[in-house]
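Reviewing the structure listed below.
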Amino acid sequence: LPEVRLGLLPGAGGTQRLPRLIGRAGALDLLLTGRSLDGQEALRIGLVDRVAPTAIDAALALATEIAGHPAATLSAIGRCVDAATAQDPDDGMRVELDELLELFESADGREGVRAFLERRSPSFS
């Protein structure tokens, strides 16, 4: 976030999202100084989730892992996380409950529970 060095501030929500991600103090540090971080510091402060020697290999491994889960479940998780960061906690919990109930009624949800009870890997559609 080098914008401070130009007499500007990060547009497109940089001043809004960063404090939510790493906290007020860390965000002010980066926003007011415009300093760069290395991967280890970014990981330590919660700016990134992981550091890998080769980004492409790590990205492909993560994408492969995520792609093995049902698309409806992944979408529901995204909606719940969005609700958690954009709404009142009670509203977010309602969104979560609605999504969970819908997933329990889905074929993939039933397969996942059945596979768990049968101690086998699920076969999602």
Side-chain angles (χ1 to χ4, degrees):
L1 303 167
E3 291 86 351
V4 70
R5 295 183 197 156
L6 304 174
L8 302 171
L9 60 84
T15 64
Q16 302 303 299
R17 290 191 307 272
L18 190 59
R20 291 179 183 187
L21 184 61
I22 66 170
R24 183 178 190 277
L28 281 172
D29 174 22
L30 296 178
L31 292 165
L32 296 175
T33 65
R35 70 184 180 86
S36 297
L37 306 176
D38 64 19
Q40 291 303 314
E41 184 178 3
L43 181 64
R44 183 182 57 76
I45 68 171
L47 187 59
V48 298
D49 294 322
R50 60 190 79 193
V51 176
T54 57
I56 193 69
D57 291 340
L60 289 173
L62 179 60
T64 300
E65 180 180 353
I66 292 171
H69 302 301
T73 301
L74 299 173
S75 295
I77 289 169
R79 287 188 294 274
C80 289
V81 170
D82 287 346
T85 58
Q87 298 179 15
D88 175 87
D90 289 336
D91 293 337
M93 290 298 291
R94 278 190 283 282
V95 170
E96 183 179 281
L97 179 59
D98 291 344
E99 294 290 347
L100 181 59
L101 291 174
E102 191 168 318
L103 290 172
F104 265 124
E105 295 174 0
S106 72
D108 281 336
R110 289 191 304 273
E111 166 60 11
V113 171
R114 189 172 26 256
F116 174 79
L117 293 173
E118 295 172 1
R119 297 177 187 224
R120 62 175 173 79
S121 295
S123 178
F124 296 121
S125 57

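Residue numbers start at 1 and run along the sequence shown.
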Could you check whether atom [atom1] of [X] has more than 12 heavy atoms from other residues, nucleotides or ligands sitting under 6.0 Å from it?
| X | atom1 | result |
| --- | --- | --- |
| R20 | CZ | no |
| E102 | CD | no |
| D90 | CG | yes |

Examine distances only and state if a side-chain atom of [X] and a backbone atom of [Y] form a donor-acceptor pair shorter than 3.5 Å.
| X | Y | result |
| --- | --- | --- |
| T85 | V81 | yes |
| R17 | A12 | yes |
| T33 | R35 | yes |
| D108 | T73 | no |
| E111 | P122 | no |

_Members sharing L21's hydrophobic cluster (side chains within less than 4.5 Å)_ =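 Grouped by the 4.5 Å side-chain rule, L1, L18, I22, L30, L31, L37, I45, L47 form the rest of the cluster around L21.
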*Mind checking who shares a hydrophobic cluster with V113, ILVMFWY linked at side-chain heavy-atom distances under 4.5 Å?*
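Members other than V113 - counting any ILVMFWY side chain reachable under 4.5 Å - are L100, F104, F116, L117.
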Looking at every heavy atom in both [X] and [Y], which two are closest together, and how far apart are they?
| X | Y | value |
| --- | --- | --- |
| A76 | L103 | CB-CD1, 3.9 Å |
| A83 | G92 | CB-CA, 4.1 Å |
| G34 | R5 | O-NH2, 2.5 Å |
| T15 | L9 | CG2-CD1, 4.2 Å |

Rounded to the nearest 0.5 Å, how far apart are [atom1] of [X] and [atom2] of [Y]?
| X | Y | atom1 | atom2 | value |
| --- | --- | --- | --- | --- |
| R44 | D38 | CZ | CG | 9.0 Å |
| E105 | R110 | CD | CZ | 8.5 Å |
| T54 | L60 | OG1 | CG | 9.0 Å |

_Worked verdict on R114 versus R120 for side-chain contact (heavy atoms from CB on, under 4.5 Å)_ = CA-CA 9 Å; R114 189 172 26 256; R120 62 175 173 79; 4.0 Å; yes
*asked:* In the structure I gave you, are the side-chain heavy atoms of L74 and I66 within less than 4.5 Å of one another anywhere?
replied: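 Heavy-atom side-chain distance check passes, below 4.5 Å.
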*Pair D91 + R94: basic N to acidic O under 4.0 Å*: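 Result for this pair is yes, salt bridge flagged.
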